[in-house]
J.: 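Let me give you the structure first, and then I'll get to my questions.
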Amino acid sequence: MLDLKKIRDNPQWVEERLASRGRAYNLQKVYQLEAAKRALQTETENLQARRNAISRQIGQLKGKGQDVSALMAEMVQCGPQLQELQQQLATMESELLAVLAELPNLPDETVPLGRDEQDNLEICRWPDEQQPARKAFEELPHWEIGQRLGILDFDAGILVAGARFTVLRGAGARLNRALIQFMLDLHSGEHGYTEIMPPFLVNRESLFGTGQLPKFEEELFAARDDALFLIPTAEVPVTNLVRGEIIEEERLPLKFVAWTSCFRREAGAAGRDTRGLIRQHQFDKVELVWITRPEESGAALEQLTRDAEQVLQRLELPYRRVALCTGDLGFASCKTYDLEVWLPGQGCYREISSCSNTGDFQARRMQARLRRKEGRKVELLHTLNGSGIAVGRTLVALLENFQQADGSVVIPDALRPYMGGVEILRPQE
RNA sequence: GGAGAGAUGACCGAGCGGUUUAAGGUGCACGCCUGGAAAGCGUGUGUACUCCAAAAGGGUACCGAGGGUUCGAAUCCCUCUCUCUCCGCCA
């Protein structure tokens with residue numbers, strides 16, 4: 001959520017920043033509501049002050065056994081009038097909140113201007129600046145590799161659940177688990193993150209806090225009889241760990257890593273990535289979350305992204321880092337780096353991690369604050385999140401990058417200890 | 001799922017319709033005292049919004065959440081959420 005005071009003090013700048021996302025946001029309603037609300041608030045509070053004063057007087061006089069009927073008579077009109085004002089005020093406040101809650105975050109000044117993903121800025125490639133060379137044989141897409149190996153069973157997914165669900169079998173299931181374990185060990189053991197195992201179902205308050213609600217409800221799976229939703233990302237339960245908290249400055253930054261399954265309805269994605277594991281209703285992801293002081297979040301995004309890149313490097317998967325342009329930025333983000341892994345089966349780079357600084361945008365929704373050592377002042381925290389990294393897509397990348405001419409797939413060194421020493425997956429038959 | 005108890009400021013804990021602008025204690029901060037510390041004494045101690053050009057200083061709201069009764073609600077009524085105890089069921 002945006003800072004109302006900032007909107008009030010610097011409307012032009014805010015509108016300009018919002019417009020850089022590629023569509024016009026009309027803030028007229030905010031200005032009007034805000035001004036009207038303040039006027040109404042003053043009026044209401046003045047009346048409340050009067051009521052309180054007279055009520056106190058009544059109490060005191062009554063205590064002395066004096067007559068209070070004159071004062072009581074005066075107060076009789078006060079009640080309904082006050083109730084009317086309070087109701088108007090409450091309506092106005094919730095209208096204002098509703099408008100504010102749907103405005104996206106302001107892009108950071110360092111974010112490249114652009115309309116859509118075409119305008120994203122490539123920062124670097126790994127292991128070098130070349131596009132990875134094609135192999136001497138025809139490289140297959142992962143769904144074919146996986147089916148030949150007998151580890152990806154798309155038909156079974158459809159059978160037990162439906163489209164966009166997949167069953168992993170044998171070494172496929174093991175590989176998925178090995179990747180999770182490898183990533184968690186790396187981040188908690190070497191990068192200093194605290195491992196979290198959060199609930200996979202969350203309430204509305206949490207989803208509002210991180211910005212999925214109210215605007216993106218159609219993207220979520222909901223529990224029918226309870227006010228709970230399946231998490232679309234671990235960002236939701238993990239970031240909300242600080243909701244409503246005031247954290248002592250010296251405890252920051254907080255760094256969390258969590259494996260969860262993620263559940264997304266993919267409502268707007270009909271027809272896209274219908275084959276394979278790229279776009280599923282359920283997938284595993286290891287997520288990184290930082291809670292920082294405001295002045296730290298810029299540097300934190302760089303570090304968080306490097307931590308995510310480490311996963312790809314250790315797994316020897318070629319990738320590039322891309323800075324999203326203003327038009328491609330997510331709702332809550334003020335700056336995002338995507339990591340895109342090379343997929344030879346498709347001959348392109350695909351997103352495998354998205355690392356975002358949300359500044360104080362989520363913190364304001366969550367009322368997550370810090371207390372400064374000096375001055376004891378309270379300020380909003382900054383929150384960041386990034387995939388470290390998407391497990392299903394990593395599995396895809398492994399299959400496609402380490403496939404051999406004979407249909408086998410080599411397991412990279414870093415993963416072998418987690419695969420019980422298995423070094424190569426061979427086609428069945 | 002059934003029965004009961006409860007939810008008050010950083011923490012403990014009183015209050016159960018108007019002398020509470022939330023008693024008292026602990027903690028914390030500052031000051032006095034001390035060679036230094038402890039003890040003792042004194043002062044202060046939340047959040048949000050708002051009024052004022054700003055500061056100083058006011059005002060309003062917040063005693064789990066939301067409604068209601070009342071001139072006035074932490075206190076009475078209703079609904080919900082959560083916690084604890086016992087019973088049942090269960091990985």
Side-chain angles (χ1 to χ4, degrees), chain A residues 1-10 30-101 197-209 213 222-223 225-229 237 240-252 261 360-381:
Chain A
M1 209 154 61
L2 299 181
D3 184 1
L4 198 48
K5 284 191 185 131
K6 208 191 252 174
I7 295 178
R8 194 201 303 162
D9 294 344
N10 223 333
V30 175
Y31 306 144
Q32 284 169 12
L33 276 171
E34 205 272 333
K37 191 217 98 179
R38 267 194 301 159
L40 192 59
Q41 182 176 350
T42 305
E43 193 185 347
T44 308
E45 288 181 356
N46 286 342
L47 191 56
Q48 280 174 322
R50 204 170 128 245
R51 178 204 63 189
N52 290 348
I54 293 176
S55 290
R56 205 171 301 137
Q57 228 178 324
I58 291 174
Q60 279 164 4
L61 292 179
K62 249 188 169 173
K64 295 180 200 154
Q66 299 182 14
D67 178 53
V68 293
S69 51
L71 284 173
M72 295 272 269
E74 191 185 342
M75 289 298 285
V76 169
Q77 305 149 13
C78 203
Q81 197 187 341
L82 191 55
Q83 200 161 29
E84 173 67 21
L85 283 173
Q86 282 169 332
Q87 228 153 46
Q88 280 180 26
L89 185 61
T91 307
M92 216 170 264
E93 277 173 344
S94 61
E95 267 179 60
L96 184 58
L97 180 68
V99 176
L100 276 179
M197 179 65 212
F200 287 14
L201 289 154
V202 291
N203 55 32
R204 283 186 174 274
E205 289 74 17
S206 294
L207 288 157
F208 180 85
L213 288 183
D225 296 329
D226 300 281
L228 293 170
F229 296 82
N240 273 279
L241 290 175
V242 296
R243 193 174 80 228
E245 295 281 315
I246 298 178
I247 297 184
E248 300 298 328
E249 181 180 18
E250 49 272 36
R251 286 182 54 210
L252 298 169
S261 292
D360 63 13
F361 185 84
Q362 293 180 326
R364 185 170 295 105
R365 290 171 158 251
M366 294 192 297
Q367 281 305 297
R369 292 161 293 176
L370 77 149
R371 191 185 305 282
R372 294 288 188 182
K373 209 168 180 174
E374 297 299 321
R376 308 289 293 161
K377 257 182 56 194
V378 176
E379 294 171 49
L380 291 170
L381 292 159

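These numbers come from the heavy atoms of this one structure, side chains and all, not from hydrogens, waters or symmetry mates.
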J.: Salt bridge or not for A:R364 and A:D360, using N-O below 4.0 Å?
T.: yes

J.: What's A:R51 touching, base or sugar-phosphate or nothing? Going by heavy atoms closer than 4.0 Å.
T.: sugar-phosphate

J.: Just checking A:I54: base, sugar-phosphate only, or nothing, at a heavy-atom cut-off of under 4.0 Å?
T.: nothing

J.: Would you find a donor on one side and an acceptor on the other, under 3.5 Å apart, between the side chain of A:R243 and the backbone of A:M366?
T.: no

J.: For A:N52 and B:U60, is the shortest distance between a side-chain N/O and OP1 or OP2 below 4.0 Å?
T.: yes

J.: What's the closest nucleotide to the A:V378 side chain, out of B:G68, B:A48, B:C71?
T.: B:A48

J.: Can you tell me which nucleotide in B:C71, B:C49, B:U69 comes closest to the side chain of A:Q83?
T.: B:U69

J.: Is there a Watson-Crick or G-U wobble partner for B:G40 with both distances under 3.5 Å, and if so, which one is it?
T.: B:C32

J.: Start at the 5' end of RNA chain B and walk down; is the nucleotide closest to A:E34 or to A:Q86 reached first?
T.: A:E34

J.: For B:U60, which nucleotide is its Watson-Crick or G-U wobble mate, given both distances must be under 3.5 Å?
T.: B:A48

J.: Does the structure show a Watson-Crick or G-U wobble partner for B:A7, both distances under 3.5 Å? Name it, or say none.
T.: B:U81

J.: For A:Q83 and A:Q87, does a side-chain donor sit closer than 3.5 Å to a side-chain acceptor?
T.: no

J.: If we take the C1' atom in both B:C12 and B:C28, what is their distance in whole Å?
T.: 15 Å

J.: Indicate whether OP1 or OP2 belonging to B:A48 is found under 4.0 Å from a side-chain N or O atom of A:R369.
T.: yes

J.: What about A:Q60, does its side chain sit under 3.5 Å from the base of B:G18 through a donor-acceptor pair?
T.: no

J.: Please give the nucleotide sitting opposite B:G1 as a Watson-Crick or G-U wobble pair, both distances under 3.5 Å, or none.
T.: B:C87

J.: Look at the side-chain N and O atoms of A:R371 and state whether any lies under 4.0 Å from the OP1 or OP2 oxygen of B:U47.
T.: yes

J.: If you assign each of A:Q367 and A:T42 to its closest nucleotide in RNA chain B, which residue comes earlier from the 5' end?
T.: A:Q367

J.: Indicate whether any N or O donor in one side chain lies under 3.5 Å from an N or O acceptor in the other, for A:N203 and A:S206.
T.: yes

J.: Please evaluate residues A:M1 and A:L97 with respect to the criterion side-chain contact (heavy atoms from CB on, under 4.5 Å), reporting the C-alpha separation (whole Å), side-chain torsions for both, the decisive distance (0.1 Å), and the verdict.
T.: CA-CA 9 Å; A:M1 209 154 61; A:L97 180 68; 3.7 Å; yes

J.: Would you classify A:Q48 as touching base, sugar-phosphate or nothing, given that sugar-phosphate means primed atoms plus P, OP1 and OP2, and contacts are heavy atoms under 4.0 Å?
T.: sugar-phosphate

J.: Please work out if A:R364 contacts a base, only the sugar-phosphate, or nothing of the nucleic acid, heavy-atom cut-off 4.0 Å.
T.: nothing

J.: Tell me: CD of A:Q81 to P of B:C71, nearest whole Å?
T.: 15 Å

J.: Calculate the interatomic distance between A:I58 atom CD1 and B:G72 atom C1'; express it in whole Å.
T.: 7 Å

J.: Between B:U8 and B:C51, how far is it from one C1' atom to the other, in whole Å?
T.: 30 Å

J.: Which whole number of Å gives the distance between the C1' atom of B:C76 and that of B:G17?
T.: 8 Å

J.: Establish, with yes or no, whether the OP1 or OP2 oxygen of B:C51 is under 4.0 angstrom from a side-chain nitrogen or oxygen of A:R38.
T.: yes

J.: Going by purine N1 to pyrimidine N3 plus the second Watson-Crick contact, or the G-U wobble pair, all under 3.5 Å, which nucleotide sits opposite B:C16?
T.: none

